[in-house]
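Structure record follows, encoded as structure tokens.
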Amino acid sequence: MKELENIKELFTTAIANVKTNDELNVVRTDFLGKSGHLTTCMKLIKDLSAEEKKAFGQEVNTLKVFVSESIDSKKIELENKAIEEELASMPRVDLTTPNSGESGSLHPVTIIQERLINIFRGMGFAIEDGNEVETEYNNFEAVNIPKFHPARDMQDTFYLDNGQVLKTHTSASQNRIMRKYGAPLKAIFPGRCFRNEELDASHENTFFQMEGIMIDKDISISNLIYFMKTMLSEVFEREVNVRLRPGFFPFVEPGFELDCSCPYCGGKGCRVCKHSGWIELCPCGMIHPNVLEMGGIDPEEYTGFAFGLGLSRLVMMTYGFKDIRNLNSKDLKVLEQTRIK
Ligand code: DAH
């Protein structure tokens, strides 16, 4: 029928010109909408004979199907075009380019610290994180270093305007942790420490320690010795011996300097142990009753030991760094030595 042919021709031209979704919607309404061409032309049907009605109805339907299928495929065509355009505007990445093989790595201090944490976790210790900015009370008073005690001289640090300090040792967290857990207690707390130091190859204003405390009923020096020997043998992955020399630290009584048989030469004498067979590694001692008391723990009922491992020193020994300042430097040549390839 002429009418329908006209509509088809009109539609073919209209759809060919469509460039956007909005234009497509207009075409859809123009042809399939309530007052669109196809709907209006159905009104002609009432003037036709019964036979003509049937044929006309079929033709209109066929045209309707053609129109809506054409609109659907135009929609897909427009969507694909939009995706292609978006892709074309994106920066191109060539996934086949060979990479340089360079990748980042953990800092040597982090590597050793993680290893220690794993060892202590296996022994049932809680792993705690201490503050870097501490109250003067926690850093000094709470570990039995009252104001004007000469021990403060050895640990001069950076005082903030609000009276707090950059912590000079991980012992500063002892009080907080004792108060948090009470007794019995097994915890380690690695941390960054700060001191006002004259800098040289073995002194740095920023360095790392790892403190440990173990508090329970009847803890004695024998426990301390056994524990340190086991722990250091794990750290160095070989059997080591330990020996204690008297050492003074206000927060332990008795206090010791703990030496470990040189893990590198097995005690025979080498460059690392300066041919003495021993390495001074870890001051320690039995926690002073005042410190327990200030931590809210009854010294009549509980005893305990504490140790302060020089983490930076241990890292230097492990990797053979000669200058502690390398640990805080950005020198990749130094830090790369520990890169896990
Ligand atoms: N806090 C001490 C320092 O930095 C190290 C230390 C010594 C820690 C003896 C301890 C200890 O827990 O028992 O010089």
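Residue numbers start at 1 and run along the sequence shown. No hydrogens, no waters, no symmetry mates; every other heavy atom, side chains included, goes into these values. Fair warning: this is a prediction, and the values are worked out from it, not measured in the lab.
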Practice task
Give a yes or no on this: more than 12 heavy atoms of other residues, nucleotides or ligands lie within 6.0 Å of atom NZ of Lys8.
Solution key: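 No, not enclosed.
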
Problem - Flag if over 12 foreign heavy atoms under 6.0 Å of CG, Asp129 - result: no

Kindly compute the distance separating [atom1] ([X]) from [atom2] ([Y]), expressed to the nearest 0.5 Å.
{"X": "Thr157", "Y": "Asn139", "atom1": "OG1", "atom2": "CG", "value": "7.0 Å"}
{"X": "Phe208", "Y": "Arg192", "atom1": "CZ", "atom2": "CZ", "value": "4.0 Å"}
{"X": "Glu3", "Y": "Leu63", "atom1": "CD", "atom2": "CG", "value": "11.0 Å"}
{"X": "Phe66", "Y": "Ile7", "atom1": "CZ", "atom2": "CD1", "value": "12.5 Å"}
{"X": "Met90", "Y": "Arg92", "atom1": "CE", "atom2": "CZ", "value": "10.0 Å"}
{"X": "Met123", "Y": "Phe227", "atom1": "CE", "atom2": "CZ", "value": "4.0 Å"}

Given 3.5 Å as the limit, does a donor-acceptor pair link the side chain of [X] with the main chain of [Y], or not?
{"X": "Arg152", "Y": "Ile145", "answer": "yes"}
{"X": "Gln164", "Y": "Leu160", "answer": "no"}
{"X": "Thr303", "Y": "Ile219", "answer": "yes"}
{"X": "Thr39", "Y": "Gly33", "answer": "yes"}
{"X": "Lys64", "Y": "Leu32", "answer": "no"}
{"X": "Lys167", "Y": "Asn138", "answer": "no"}
{"X": "Asn21", "Y": "Leu78", "answer": "no"}
{"X": "Asn326", "Y": "Phe321", "answer": "no"}
{"X": "Asn144", "Y": "Val291", "answer": "no"}
{"X": "His149", "Y": "Glu141", "answer": "no"}

Please list, chain by chain and in numerical order, all residues satisfying side chain to side chain contact (heavy atoms under 4.5 Å, CB included) with [X], sequence neighbours excluded.
{"X": "Ser73", "value": "none"}
{"X": "Pro299", "value": "Pro289, Leu292, Glu293"}
{"X": "Lys54", "value": "Gln58"}
{"X": "Lys74", "value": "Ile15, Val18, Leu24, Glu77"}

Quick one: do [X] and [Y] end up in the same hydrophobic cluster if we chain Ile, Leu, Val, Met, Phe, Trp and Tyr together by side-chain heavy atoms under 4.5 Å apart?
{"X": "Ile215", "Y": "Ile127", "result": "no"}
{"X": "Phe305", "Y": "Val143", "result": "no"}
{"X": "Met214", "Y": "Val252", "result": "no"}
{"X": "Phe249", "Y": "Leu281", "result": "no"}
{"X": "Phe236", "Y": "Met316", "result": "yes"}

Handout entry: Lys53: partners by salt bridge (charged side-chain N to carboxylate O under 4.0 Å, His left out), with sequence neighbours left out
Key =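 With neighbours one apart ignored, the set is empty.
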
Side chain proximity check, [X] to [Y], heavy atoms < 4.5 angstrom:
{"X": "Thr168", "Y": "Phe140", "result": "yes"}
{"X": "Ile111", "Y": "Thr318", "result": "no"}
{"X": "Ile279", "Y": "Met317", "result": "yes"}
{"X": "Val242", "Y": "Ile225", "result": "yes"}
{"X": "Cys282", "Y": "Leu314", "result": "no"}
{"X": "Leu199", "Y": "Glu204", "result": "yes"}
{"X": "Asn205", "Y": "Asn196", "result": "no"}
{"X": "Leu185", "Y": "Tyr302", "result": "no"}

Practice task
Give every residue pair that meets the ring pair (Phe, Tyr, Trp, His ring centres under 6.0 Å) criterion with at least one member in residues 167-205, sequence neighbours excluded.
Solution key: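 As it turns out, the ring pair (Phe, Tyr, Trp, His ring centres under 6.0 Å) pairs with a partner in residues 167-205, which skip direct neighbours, are His169-Phe251.
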
Problem - Within residues 262-292 or reaching into it, pairs that qualify as ring pair (Phe, Tyr, Trp, His ring centres under 6.0 Å) - sequence neighbours excluded - result: none

Practice task
Give the C-alpha distance, both sets of side-chain angles, the deciding distance and a yes or no for side-chain contact (heavy atoms from CB on, under 4.5 Å) between Asn175 and Tyr137.
Solution key: CA-CA 9 Å; Asn175 188 270; Tyr137 174 83; 4.3 Å; yes

Exercise for the section: Report the C-alpha separation of Leu232 and Leu258 in whole Å, then their side-chain angles, then the decisive distance to 0.1 Å, and conclude whether the side-chain contact (heavy atoms from CB on, under 4.5 Å) test is met. Expected result: CA-CA 11 Å; Leu232 291 171; Leu258 180 137; 3.6 Å; yes

List the atom of [X], the atom of [Y], and the distance in Å for their closest heavy-atom pair.
{"X": "Cys41", "Y": "Leu4", "value": "SG-CD2, 3.6 Å"}
{"X": "Ser173", "Y": "Gly130", "value": "OG-CA, 3.5 Å"}
{"X": "Gly277", "Y": "Cys273", "value": "N-SG, 3.3 Å"}
{"X": "Glu86", "Y": "Ser89", "value": "O-OG, 2.8 Å"}
{"X": "Pro254", "Y": "Phe256", "value": "CG-CZ, 3.6 Å"}
{"X": "Thr135", "Y": "Val165", "value": "O-CG2, 4.2 Å"}

Exercise for the section: Let me see the working for Leu44 and Leu48 under side-chain contact (heavy atoms from CB on, under 4.5 Å), right down to the final yes or no. Expected result: CA-CA 7 Å; Leu44 301 173; Leu48 302 176; 5.7 Å; no

Problem - Non-neighbouring partners of Phe31 that pass ring-ring contact (aromatic ring centres under 6.0 Å, His included), sequence neighbours left out - result: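 Once residues adjacent in sequence are excluded, the partners of Phe31 under the ring-ring contact (aromatic ring centres under 6.0 Å, His included) criterion are Phe11, His37.
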
Distance-only check: which donor-acceptor pairs under 3.5 Å involve side-chain atoms of residues 112-120, not counting sequence neighbours?
unit_1: Arg115; atom_1: NH2; unit_2: Val235; atom_2: O; d: 2.5

Practice task
Determine, for Arg176 against Glu134, whether the closest basic-nitrogen to carboxylate-oxygen distance falls under 4.0 angstrom.
Solution key: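 Glu134 and Arg176: salt-bridged.
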
Listed once per pair and sorted, the side-chain hydrogen bond (donor to acceptor under 3.5 Å, both in side chains) pairs that draw on [range], sequence neighbours left out:
{"range": "residues 224-252", "answer": "Lys229-Glu239, Lys229-Asn241, Arg243-Asp259, Arg245-Asp259, Arg245-Glu280"}
{"range": "residues 41-50", "answer": "Ser49-Glu52"}
{"range": "residues 211-222", "answer": "Thr170-Glu211, Ser171-Glu211, Gln174-Glu211, Lys217-Glu301, Ser220-Ser222, Ser220-Asn223"}

